[in-house]
Amino acid sequence: MSRAPNETWKLGAAALAARVRDGRVSVTDAVESGWVGPASMWEHDVNAVAHHDAEVRREAAAGASGQGPLAGVPVLVKDNLCTVEYPTTCASRILAGYRAPYDATVIRRLREAGAVIVGKGNMDEFAMGSSNEYSAYGPTRNPFDLSRVPGGSSGGPAAAVAYGLVPVALGSDTGGSVRQPASFCGVYGLKPTYGRLSRYGLVAFGSSLDQVGIFARHARDVAVTYAVLAGEDGYDATTRLGPAPDVSTFAAGVKGLRFGWPANLWAQGVDAAIVAALERSAIALERAGAVRVVLDFLPGTYGVAAYYLVATAEASSNLARFDGVRYGFRHEEAADVRAMYTRTRSEGFGPEVQRRILLGTYALSSGYYDAYYLKAQRARTRIRREFQSAFAQCDFMLLPAAPSLAFKVGEKTDDPLAMYLSDVFTIGANLAGIPGLTVPAGRTSENLPVGVQMLGPEDSEPNLLRAARALEVGGDVALLSTDEDPEFVWPTKR
Amino acid sequence: MAYEAVIGLECHIQLKTRTKMFCGCEVEFGRPANWNTCPVCLGLPGALPRTNITAIAYALRLGLALGCDIRHESVFARKNYFYPDMPKNYQVTQYDLPLCEHGTLPVVVEGESRTFELMRIHCEEDAGKSFHPERVGDRRISRLEFNRAGTPLLELVTEPVLRTPAECAAFLTQLRKLVRALGISDGDMEKGQLRCDANVSLRPVGQSALGVKTEIKNLNSIKGVEKGVTAEIDRQRRELESGARIVQATLLYDADHDKLAIMRTKESAHDYRYFPEPDLPVLRVTDADLDAARAALPELPWVREARFVSQYGLPPYDAAVLGDSRELADYYEACARGGDAKLASNWIMTEVLRVRNDRGWPLEKWAEQVPAPRMRAFLDKVAAKELPGPVAKQVFAWMADEAGSVDELLALHGIQVQGSAEDLRPLVLQVLDENPGPVAQYLAGKTITIGYLTGAVMKKSGGQAVPQVVQQLLAEELARRG
Ligand SMILES: [Zn+2]
């Protein structure tokens, strides 16, 4: 079945790349489709893009090979991934105008796979936030309801995939920053196993927690992109050695797989629409032949505390380099270097980043290190073990990605602690280094997307993607291996 | 009251690896400012470190040479503090789990053999350099230069076991000799390849508890260490004797003015907020790594020097001079083995080292011009008394600039050594008898006439005699007649 050229923007990444490879669609048409089509009407209201440049984009398209698994696929990447042709500012004033002299490893691999980087996605400053409201470029809005947040911190890339600007986008996930906005925006969002994707060129927030993540509208596109990006990198000593797990089996179905059902986790405090979506998803998985294993799994109430200690401690050190000395913003009115540091950092960083730097500095201070950082690392070891024993009973588990649906802009900015607590379902994967995948699970009667999350043990991406594909076809095994993607649906009427 | 000083040294050894500690930039001098840099050593956003395994191998070499306990799993840590020439505002170093611990360095101090205990050795990265301040128009600016940033360093910390400035100097001299012998550093303090901070405290003689210590930084020569430590011991003694207390502080030593200045006191001390470097995995050292490092160990300098004494019969002083560098010791052995070892020692210690000092030649340059086999052939001729003393010196001087064997050089310069000096003596006596005038003048003090007499002998010999030998014989015979 062929589509009219003006519907190119609706295609998924794999479908688009196939058309580019066999010459049905030119790279330029593929890359421009989101910008010239109806999707372009959304960007003004959504504000998903922090940097783009039509000329750079066209040049990149003209120079692309038109070959490879992502041939001609336009990709928006979060503004904390280094790219030579666009600024890399982490949506922070302190990096105003900064251009990296090198491409992140994941960017290089995207280009080698034929993809074209079309711009940088809006985000919470330095990936610190869950709502995309802490951005130097202004908040990103949820395309399903412009009065609501898209989630964060990778809100820009998530929203852009949702409204159809690009079929694939990259984010980063330190405590849920890919999986939570994926659930708020109704797209797939994968945080791979720690060390599977290189962090080289990802501006660090919490080094032991950060992973580059993938947004897409189809399970297949997540699998294709993961296969392009995953693997050892000599530039990142924390990447896992050896070949990445093979995700080409994503359409193999879930027959015989056991999925954990830790219903105690959502006994209270979770939106009823999410609980209902979890039940629908479980039934669909069972219909496809998976087995539900009821788990009593409580990965400790100390998870949020441990996470915020480790993440802020590492961040306080990682962000020390932004001092006005060598690049980015510098406060010019300072009598000496100490004053220059203070004024540059006080004006260059936003309030949430400053809060976390102070918290992390405190946690590492002499006299407090044992009580905070060391204890948090012990809690982390325990959480890892709790996940291990849970995964002795199942191949992956189903759980919420967030306790709520997309909330209103401004609803939580005055209460940082409430914002931190909303990460409760996602931070475990970062603390334990395991993969997590958010899968769209329909919309509420108010047209808000609902997502569910799956977590698996290290290197279980193939199983997570098999489950995602099974859910994509509603558990109907007959549809598993159809190449045709489901029709694109607009977030709202415009 | 009599006081005793307690001194601990903290030495930084710049490794001569080809590339930096955590990136692929070359470590080389003389490049334009900020040439040897990349996103990693400039601390650009998103860049990550990767460990230079050669630097680790060098650290293992030093650790094994000093008999340290080597940790099979050690941990890199971040030391956090702000300084403009430190690109990330943290230094990647090691903290509570260093690569090497304990061990000792054997040192001879004023003729006496001692061993000094070490606390630890670990790997870390160097900072860049600041140049300040400079006036540009109405602004004062500082320049930053990052070619050095990320250069591999080993930090070696002693226990507080040194007592005198002389011990500090001997310790550093021996350490420098060791790192050079191991081939891991050039150890040149003037170039910052070997740096030293000293912790100094005083306590009443007989007391075992340590006094309050101060740290002296910026000691950039062995003399400087000796003088800086002396100055600080004197300062602390004066304070204590006047009834004052020592305040824990960091001092800077100004070698030009032999003065100490307080940089900061304990109240303003840094809290470095150490924590394990999350960008690097645990540093694992396998038995195979240790075997490889052990195989790369040369004969240690102090072992070699002892062998020079026992095997070649050298005095300990000669052994120490020749053992100063591996190259010199190798050169010596190549010249000495199987020949006249003492003669080789004399010639190398006096003449070769003189050329080195006079001409500023490094030993490699000398060894290139006069490789050991050439030197050995020369020494063999001297030993066989085929070259009279003065001729030998002349030939040695030619060798430094000209190619050719000893015989070729003699031929080239028209000198034929015919038999021994004794064969010339009759000619000398004959000339003296034939020239009573110049002889009388010489004996009256006009010694310049020896030139005329030499010429006369040369003429009689048909130009075959060596002028230096003739002159020596004439001087002997004239002295006899005086
Ligand atoms: Zn470098």
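- Few gaps surround CZ on A/R355; more than 12 heavy atoms of other groups in view lie less than 6.0 Å from it.
- Put simply, of A/S208, A/S317, A/S365, the one with the most heavy-atom pairs under 4.5 Å next to chain B is A/S317.
- Summarising the local packing, OH of A/Y369 is surrounded by more than 12 heavy atoms from other residues, nucleotides or ligands at distances under 6.0 Å.
- Residue A/Y200 touches chain B through both its backbone and its side chain, counting heavy-atom pairs closer than 4.5 Å.
- Qualifying salt bridge (charged side-chain N to carboxylate O under 4.0 Å, His left out) partners for A/R343, counting only residues two or more places apart in sequence or in other chains: none.
- Near-neighbour residues of residues 12-39 of chain B relative to chain A, defined by a heavy atom under 4.5 Å from a heavy atom of that chain, comprise B/P39.
- Nearest heavy atoms, B/F82 versus A/Y341: CB-CE1, 3.6 Å.
- Of all the listed residues (B/D279, B/V40, B/T51, B/N80), the one sharing the greatest number of non-hydrogen pairs under 4.5 Å with chain A is B/D279.
- Taking all atoms of both residues into account, the shortest heavy-atom contact from A/Y194 to B/P278 is OH-O, 4.3 Å.
- The minimum heavy-atom distance linking A/V337 with B/P84 is given by the pair CG2-CG, 3.7 Å.
- When heavy atoms are compared at a cutoff of 4.5 Å, A/R338 approaches chain B solely by way of its side chain, counted from C-beta outward.
- Shown here for A/S316 and B/R273, the closest heavy-atom pair between the two residues is OG-NH1, 4.2 Å.
- Summarising the geometry of A/E314 relative to B/R78, their closest heavy-atom pair is O-NH1, 4.2 Å, with the distance given to 0.1 Å.
- For the residue pair A/Y102 and B/A47, the shortest heavy atom distance occurs at OH-N, 3.1 Å.
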For a quick test of your reading: what N or O donor-acceptor pairs under 3.5 Å do the side chains of residues 321-331 of chain A make, sequence neighbours left out?
| from | atom 1 | to | atom 2 | distance (Å) |
| --- | --- | --- | --- | --- |
| A/R321 | NE | A/N318 | O | 3.4 |
| A/R321 | NH1 | B/G43 | O | 3.2 |
| A/R321 | NH1 | B/L44 | O | 3.0 |
| A/R321 | NH2 | B/Y90 | OH | 3.1 |
| A/D323 | OD1 | A/V325 | N | 2.9 |
| A/D323 | OD2 | B/N89 | ND2 | 2.8 |
| A/R326 | NH1 | B/L42 | O | 2.7 |
| A/R326 | NH1 | B/P87 | O | 2.9 |
| A/R326 | NH2 | A/R321 | O | 3.2 |
| A/R326 | NH2 | B/P87 | O | 2.6 |
| A/Y327 | OH | B/G43 | O | 3.2 |
| A/R330 | NE | A/G324 | O | 2.6 |
| A/R330 | NH2 | A/G324 | O | 3.3 |
| A/R330 | NH2 | A/V325 | O | 3.0 |
| A/H331 | ND1 | A/E333 | N | 3.1 |
| A/H331 | NE2 | A/E347 | OE2 | 3.3 |

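- Scanning residues 229-242 of chain A against chain B with a 4.5 Å heavy-atom cutoff picks out A/G234, A/Y235, A/D236, A/A237, A/T238, ordered by number.
- Environment of OH in B/Y274: crowded, with over 12 heavy atoms of neighbouring residues, nucleotides or ligands closer than 6.0 Å.
- Proximity of the aromatic rings of A/Y373 and B/F275 is defined here by a centroid distance below 6.0 angstrom, and this criterion is met.
- Residue contact with chain A, scored on non-hydrogen atoms closer than 4.5 Å, is absent for B/Y272.
- For A/L358, the CG atom sits in a packed shell: over 12 heavy atoms of surrounding residues, nucleotides or ligands are nearer than 6.0 Å.
- Within the 4.5 angstrom heavy-atom criterion, atoms from both the backbone and the side chain of A/T361 approach chain B.
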